[in-house]
Enquirer: 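Structure in structure tokens, see below.
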Amino acid sequence: MSKSGREVVLGVGGGIAAYKSCDLLRRMQEQGYLVTVVPTPSSLNFVGSATWEALSGRAVYTQVWENVPDVTHVQLAEHANFFLIAPATADLIARIAVGRADDLLTNLVLATTVPIMIVPAMHTAMWNNPATVANVATLRSRGYHVMEPAVGRLTGSDSGQGRFPETVAILDEFESITKKKKDLTGRTILISAGGTREPIDPVRFIGNRSSGKQGFALAQAALSRGAEVILVAANCELSDIPGVATIRVESADEMLNALLINLDKADVVIMSAAVADAKPKHFAKEKIKKALFGSIELEANPDLLLTLIGKRHKGQIFVGFAAETQEHMISAKAKIEKKDLDLLYLNDVSGGAIFGSDSTSGSILARNGEIIPVDEMSKDTLSHLLLDQALHKLG
Ligand code: CTP
């Protein structure tokens with residue numbers, strides 16, 4: 001099972017309300033859920049796989065004989081923390097009630113042991129039919145959470161019970177099941193992202209390959225869990241996240257200033273930025289001519305983390321990142337000690353791996369020597385994992 005506790009399988013049945021689940025998926029992502037969509041084959045008549053893949057950013061399968069080597073029906077069933085089936089047609093409810101496994105979704109439902117919420121949507125007559133009533137009662141008696149469909153206008157001109165509920169109502173009910181409320185409400189998280197650039201002349205700089213994706217993923221995850229988020233972003237080609245106070249900077253010195261100004265209010269400081277260790281000693285106001293471009297004299301940049309930790313107030317949690325290409329664990333252990341960090345995420349960046357990618361792998365090290373291995377996962381999932389750990393340390 002995923003350690004982030006936010007992995008959800010969104011099952012989509014073959015009803016016209018399938019199109020409304022596109023919005024549901026978006027809202028779930030904004031709430032910090034990591035969603036894999038599993039449509040039934042008939043639902044593809046309403047919304048195609050390409051739409052779900054584009055919206056979820058994940059591969060979409062409908063049958064067990066797709067992606068066979070990965071045994072998707074077992075892997076997804078084990079990986080998910082919750083199932084949300086919306087919309088569920090009368091037929092899908094019937095198939096689940098009798099334990100059929102004739103597509104990927106019903107296979108997953110049989111294979112999983114996690115909580116399942118079902119949101120029915122169908123014509124009133126079908127909802128009231130004794131067969132459906134009995135099937136729903138069976139599912140409820142087995143612990144499935146079956147939401148009451150809304151009353152109102154149906155697909156045709158008539159109205160009654162059976163309408164797909166509003167997205168907010170579905171999410172509210174889903175949250176009461178997942179109990180993943182806003183666990184960072186009242187906390188301020190200060191995050192650095194991206195890579196600093198140290199100017200040589202008006203045209204050139206010393207930079208690095210950091211994209212800022214990890215820092216932005218952390219900001220989005222913290223925001224979705226109710227935190228106040230301040231993001232100091234160095235040279236990231238990523239748009240501001242509404243609700244996150246973003247300060248754009250260029251060099252290590254600018255980053256340090258922005259972090260220092262905001263340090264006092266922070267409960268957690270996460271330094272995911274790649275800070276240049278040195279900068280040109282002299283900045284040339286004019287572009288340096290090729291003939292004069294021999295060597296650049298460098299001077300050390302301040303260590304931002306060490307500077308900030310020197311001013312830490314009691315209870316503040318510091319999370320560092322380590323990008324290593326050799327002797328990873330030894331260097332990481334030394335870094336956590338030297339910088340007096342609470343947590344450190346170590347990633348192996350040999351050959352430029354991880355920079356610019358949406359996924360990551362490595363290890364989370366804690367001050368007490370605990371090591372949590374991080375197998376290949378999205379930067380979103382890692383963000384929640386790190387926030388879980390930081391929250392644990394905050395107490
Ligand atoms: N860091 C920092 N200031 C610097 C350099 C790094 O605050 N001048 C922070 C990074 O944001 C990261 C952590 O320190 O959270 C470790 O960064 P890394 O580059 O791996 O380590 P360095 O301290 O630079 O050590 P070295 O390059 O010798 O491995």
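Bear in mind the structure is a predicted one, so any value in this text is a computation, not a measurement. Note that ligands are numbered from 1 as they come in the structure, with each ligand's atoms numbered from 1 the same way.
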Enquirer: Is there side-chain contact between Asp23 and Met28, with heavy atoms separated by less than 4.5 Å?
Expert: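 The answer is no, as the side chains (C-beta and beyond) never meet within the 4.5 Å cut-off.
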Enquirer: Taking 4.0 angstrom as the limit, do Arg367 and Asp342 come out as a salt bridge?
Expert: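 Between Asp342 and Arg367 there is no salt bridge, as every charged N stays at least 4.0 Å from the carboxylate O atoms.
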Enquirer: Sorted by first residue and then second, give each side-chain hydrogen bond (donor to acceptor under 3.5 Å, both in side chains) pair with at least one member in residues 90-101; sequence neighbours left out.
Expert: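 Sorted pair list: Asp91-Arg95, Arg95-Asp102, Arg95-Asp103, Arg100-Asp102.
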Enquirer: Can you pull out every side-chain hydrogen bond (donor to acceptor under 3.5 Å, both in side chains) where at least one residue sits in residues 124-137? Sequence neighbours excluded, please.
Expert: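 The answer is Trp127-Gln161.
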Enquirer: Would you say Thr36 and Arg58 are linked by a side-chain donor-acceptor pair, where the criterion is simply a distance under 3.5 Å?
Expert: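 Their side chains do contain a donor-acceptor pair, which is all the 3.5 Å distance test asks for.
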Enquirer: Can you list every protein residue that has a heavy atom under 4.0 Å from any atom of ligand 1, sorted by chain and residue number?
Expert: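 Heavy-atom contacts below 4.0 Å: Met271, Ala273, Val275, Asp277, Pro302, Asp303, Leu304, Leu305, Gly320, Phe321, Ala322, Ala323, Lys335, Lys339.
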Enquirer: Of all residues at least two apart in sequence or in a different chain, which pass the ring-ring contact (aromatic ring centres under 6.0 Å, His included) check with Phe321?
Expert: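 Phe321 satisfies ring-ring contact (aromatic ring centres under 6.0 Å, His included) with Tyr345 only.
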